[in-house]
A.B. asks: 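Once you've had a glance at the structure underneath, I'll fire off some questions.
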Amino acid sequence: MRKPKSVKCDSLNVRGVDVATFSLDWKSGVIDDYNEAAANLLGVTQSALCGKLWSTAICCEENADSTLMLAMTAQVRSALPPFLIRRVDGRQIAVAGMLVPQGRGAAADLLLWKLLDEGESDLSRSFGTSDIVAVLGVDQLSYDQHWGLAETAQLMTGIRTGLLDIIRNRDAVALPTASSIIIILRDVDLEGALDISRALLSHLRRLDMDPAQQAARICVGLAQMTTGRTPLSTLLAANNALLQAQCGGGEQRIRAAADDDGKLSVGRALNNNGVFCDNLATALSGLRERGEETATSPAAQAALVTPIEKGIEGYVGDNMEGAVDQAIFLSRLDIPVAIIGPAGTGKMYIAKIIHDESGGAPEMLIAVDCREFRSRSEANTRIAKELGGGEGKTLVFKSPHLMNSEAQLKLARQITSRTLADVSPPQYLPRVKFVALFPDSLEKLILQGSLITPLASAFAGYPIHVPPIKDRKQAVLRWAHKVLDQEGILRARDMKGFTPDAEQAMLLYDWPGNISEMRECIVNALEKTEKDWLTPVDLGLFKGITPDGMPYLPAPKPFLAMVETNAADDGAYIPSVLETLDVALGEVLHNLLIANVIKPLGAWIDDEVVLAALDRYRDEIPKAAQFLHTKPRNVSRWLPKIRSRDEERNGNSGWQKPRRLLREWVRESPQLPESPLQLVQDLLIAHVITQCSAISAANRAAIMGVSLPTYLKRLREN
């Protein structure tokens, strides 16, 4: 049988793009004919293609050869999605194409056209090794006489403006290309990128959409820069993820014919390659850092931001589930009072209510911080001084369980006997009110061995329990508004408020550090953004946020399941903050190794401990230095380097949990016999020894944030 002859491979140009045309023998795979554009695409001379196998001449990258191979095997007309080939000079190119059978299928014409050349686009300067590439696309657009490419371009411009309103300063957004936009999420792991993507889609769903396009859907494809993956292949992977998300449907797997099916088909046909279309190179030329552009939609954003409640006075009207009423009642009684609650819940505020309601003057409220006692004698001396001159005062003992057990016993005997110790002849205590602040129930502190029974008994009569803020949902947003207003005033910024997604995320977050953590979270967000409102991306909170922007509605639990959960919690082991921190450091190191990224975790640890110590002592450097077991001049010398690392440290999503735990640990710790800096460094180096055997000693030193000789010295010491 005579072989059908393919069409002559003449020059073909479509919209300024030279189309490479190959005529192939289907059975042998030999290239029978080709045009000049085919040789130019592959970077070879025309004679070099004569008699070559297409599989040898067209060097496909990664798994892209399966795309072309399956199309050749199927022997049907096929539109080839974007895939990668490598020229003989080593340059990587993204191409798309068409496979067209000829005659009875013994021959075929393969048409390929270049989408993007990695050398021409300079992608390597746009993407970093710890970045996530996201491709956002809009599908299910209905095309008709009222909606076409111009309207789609206008829609995508509005979406890009919305993206600029919410992404972090360090992230980047390209110009729209067809119905897709490239986003680069800097220095974030895949889990963090998923959180940010949900927040982006939820935010965009709140933007005004043309009524004729309410069925339009926004999807996102994500890909991470990993070892062996080039910027171009990462972009292609993200685009493929987008196309899969778009064709997967999800809401409706089976669909009957409808009147608008034709319109949807036209829209899909015009944008079936996602971001890889003929104006991709132009779009990438607009890729720049967010900080170089200014969002221009304040009017549009005004409707999307819940206005801040300004000028909130006092304790935001939060009754703390009855704690305030109980404090007012007990202020009339001459009994020691224990105020029990986690750090940052407002225990000192309750103590102040007891003092004020009992008629005490402001200067007569004396706080005795038991965390600061370095020895039994120091504790006894300070307590004796305050008791001897305590007439008419309210003495508030903060964390007395952290004192030496003998000092606790001596204080308990003086309170219960109402007599001063070490005074001859015996002398009654002055008229003084006693209040003690404890982070947990007296029973648990006794079981942990930190609180002795006599001191617990002295304060156990009518304890006041201050619940964590997660159990005071009615006060969460008022506290958030008050803190944002206060911090905005300190920075001379007129803050407008939070987006609805941000408020929802704050309501659903448990706030383990309570109000102190909320303030730290908002302060950190203000340092990362120049906007006058805050979003979930700024806060780093994403719980309950869905891509469709719908309110989060948790599934109700059966009654018996709730009873079993509560019963299990009562006897559950609660790890200490230091134990939780140890696990968190192991996790963040593991995630860095998975992403093949090196970060100076050791330096970051030192930074956070120093800053937390300064915060604990209200920026009094001598006291902070004493806590850190160093000299004040060292703290002053460290601060410029610490500040220079603020942006990188605070902008890393994986670091936020260790950061919070480090600050909580420093805030609640007693005076330690060894340097807290050394203690936490020992935790990190133990994880480095365990997890980092596969990387070089130089990289292990870089993770510790020290030179190689210093790391080797520390290794010998451990």
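Reckoned from all heavy atoms, side chains included, excluding hydrogens, waters and symmetry mates. Computed from a predicted model, the values in this text were never measured in an experiment.
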A.B. asks: Can you check whether Leu200 reaches Leu136 side chain to side chain, under 4.5 Å on heavy atoms?
C.D. replies: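 Counting from C-beta outward, Leu200 and Leu136 never come under 4.5 Å.
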A.B. asks: Just wondering, do Asn240 and Pro81 contact through their side chains at under 4.5 Å, heavy atoms?
C.D. replies: no
A.B. asks: Answer yes or no: is there a side-chain heavy-atom contact under 4.5 Å between Leu24 and Ile31?
C.D. replies: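 They are in contact (side-chain heavy atoms under 4.5 Å apart), so the answer is yes.
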A.B. asks: Using every non-hydrogen atom in the two residues, find where Gln224 and Asp189 come nearest and quote the distance to one decimal.
C.D. replies: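 Looks like NE2-CA, 4.2 Å.
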A.B. asks: Quick one: do Arg186 and Asp171 make a salt bridge, cutoff under 4.0 Å?
C.D. replies: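 No, Arg186 and Asp171 are not salt-bridged.
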A.B. asks: Please tell me if the side chains of Leu284 and Ser126 come closer than 4.5 Å, counting only heavy atoms from C-beta onward.
C.D. replies: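 The answer is no; the side chains never approach within 4.5 Å.
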A.B. asks: Quick one: does Ile58's side chain get under 4.5 Å of Leu110's, heavy atoms only?
C.D. replies: yes
A.B. asks: Could you give the distance from OG1 (Thr129) to CE (Met225), rounded to the nearest 0.5 Å?
C.D. replies: 7.0 Å
A.B. asks: Spell out, as yes or no, whether a donor-acceptor pair under 3.5 Å connects the side chain of Arg91 to the backbone of Asp117.
C.D. replies: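 Answer holds: no.
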A.B. asks: Compare all side-chain heavy atoms of Phe22 with those of Leu49 and state whether any distance is below 4.5 angstrom.
C.D. replies: yes
A.B. asks: Ignoring hydrogens, what is the shortest heavy-atom contact between Gln46 and Ala39? Give both atom names and the distance.
C.D. replies: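 Scanning both residues completely, I find the closest heavy atoms to be CG-CB, 3.8 Å.
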A.B. asks: Is atom CD of Glu647 surrounded by more than 12 heavy atoms (other residues, nucleotides or ligands) closer than 6.0 Å?
C.D. replies: no
A.B. asks: To the nearest 0.5 Å, what is the distance between CD (Gln140) and OG (Ser179)?
C.D. replies: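 The OG atom of Ser179 is 11.5 Å from CD of Gln140, to the nearest 0.5 Å.
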A.B. asks: Please lay out, stage by stage, how Val95 and Phe83 fare under the test side-chain contact (heavy atoms from CB on, under 4.5 Å).
C.D. replies: CA-CA 6 Å; Val95 299; Phe83 62 97; 3.7 Å; yes
A.B. asks: Is there a side-chain contact between Arg86 and Glu118, using heavy atoms and a 4.5 Å cut-off?
C.D. replies: yes
A.B. asks: At what distance, to the nearest 0.5 angstrom, does CG of Leu112 lie from CG of Leu42?
C.D. replies: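 Those atoms lie 8.0 Å apart.
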A.B. asks: Gly544 and Leu508: which non-hydrogen atoms are nearest, and at how many Å?
C.D. replies: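 Shortest heavy-atom separation between Gly544 and Leu508 comes out as CA-CD1, 3.5 Å.
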A.B. asks: Give a yes or no on whether the backbone of Gly148 and the side-chain of Glu151 come within a donor-acceptor separation of less than 3.5 Å.
C.D. replies: yes
A.B. asks: What's the separation between atom OG in Ser180 and atom CD1 in Ile218, rounded to the nearest 0.5 Å?
C.D. replies: 11.5 Å
A.B. asks: Once rounded to the nearest 0.5 Å, what's the spacing between atom NZ of Lys599 and atom CG of Asn591?
C.D. replies: 13.5 Å
A.B. asks: Using modelled atom types and a 3.5 Å cut-off, is there a donor and acceptor pairing between side-chain atoms of Gln92 and backbone atoms of Ile85?
C.D. replies: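 Not at all, since once roles are kept as given, no pair shorter than 3.5 Å links the two residues.
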A.B. asks: Looking only at heavy atoms, what is the nearest atom pair of Lys528 and Val537, with distance?
C.D. replies: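 For Lys528 versus Val537, the nearest heavy atoms are NZ-O, 4.5 Å.
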A.B. asks: For Pro536, is there any backbone N or O sitting under 3.5 Å from a side-chain donor or acceptor partner on Asp501?
C.D. replies: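 No; judged by distance alone, with no hydrogens or angles, the pair does not exist.
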A.B. asks: Considering all heavy atoms of both residues, which atom of Leu232 and which atom of Ala94 are nearest to each other, and what is their separation?
C.D. replies: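 It is CD2-N, 3.8 Å.
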A.B. asks: Taking Leu708's backbone N and O only, do any of them form a donor-acceptor pair with Arg700's side chain (distance below 3.5 Å, no angle check)?
C.D. replies: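 A pair under 3.5 Å: no.
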A.B. asks: Please report the C-alpha distance between Tyr143 and Thr152 in whole Å, then the side-chain angles of each, then the deciding distance to 0.1 Å, and finally whether the side-chain contact (heavy atoms from CB on, under 4.5 Å) criterion is met.
C.D. replies: CA-CA 9 Å; Tyr143 279 73; Thr152 298; 2.7 Å; yes
A.B. asks: Sub-3.5 Å donor-acceptor pair from the side chain of Asp131 to the main-chain atoms of Ile184, do we have one?
C.D. replies: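 Side chain of Asp131 to backbone of Ile184: no pair is present.
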A.B. asks: side-chain contact (heavy atoms from CB on, under 4.5 Å) between Ile695 and Leu593: does it pass, once the steps are laid out?
C.D. replies: CA-CA 9 Å; Ile695 65 176; Leu593 295 174; 4.1 Å; yes
A.B. asks: Between Ile159 and Leu155, is any pair of side-chain heavy atoms under 4.5 Å apart?
C.D. replies: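 Ile159 reaches Leu155 side chain to side chain.
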A.B. asks: Calculate, to the nearest 0.5 Å, the distance between atoms CZ and CD1 belonging to Arg87 and Ile93 respectively.
C.D. replies: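 It comes to 5.0 Å.
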A.B. asks: Assess the side chains of Arg659 and Asn652: does a donor N or O sit below 3.5 Å from an acceptor N or O?
C.D. replies: no
A.B. asks: Counting only N and O atoms by type, is there a donor-acceptor contact under 3.5 Å from the side chain of Gln691 to the main-chain atoms of Gly586?
C.D. replies: yes
A.B. asks: Val220 and Ile183: side-chain contact (heavy atoms from CB on, under 4.5 Å), yes or no, with the steps?
C.D. replies: CA-CA 10 Å; Val220 173; Ile183 308 165; 5.9 Å; no
A.B. asks: Could you tell me which non-hydrogen atom of Ala502 sits nearest to which non-hydrogen atom of Thr535, and how far apart they are?
C.D. replies: CB-C, 3.9 Å
A.B. asks: Verify whether one side chain among Asp109 and Gln102 offers a donor that lies under 3.5 Å from an acceptor in the other.
C.D. replies: yes
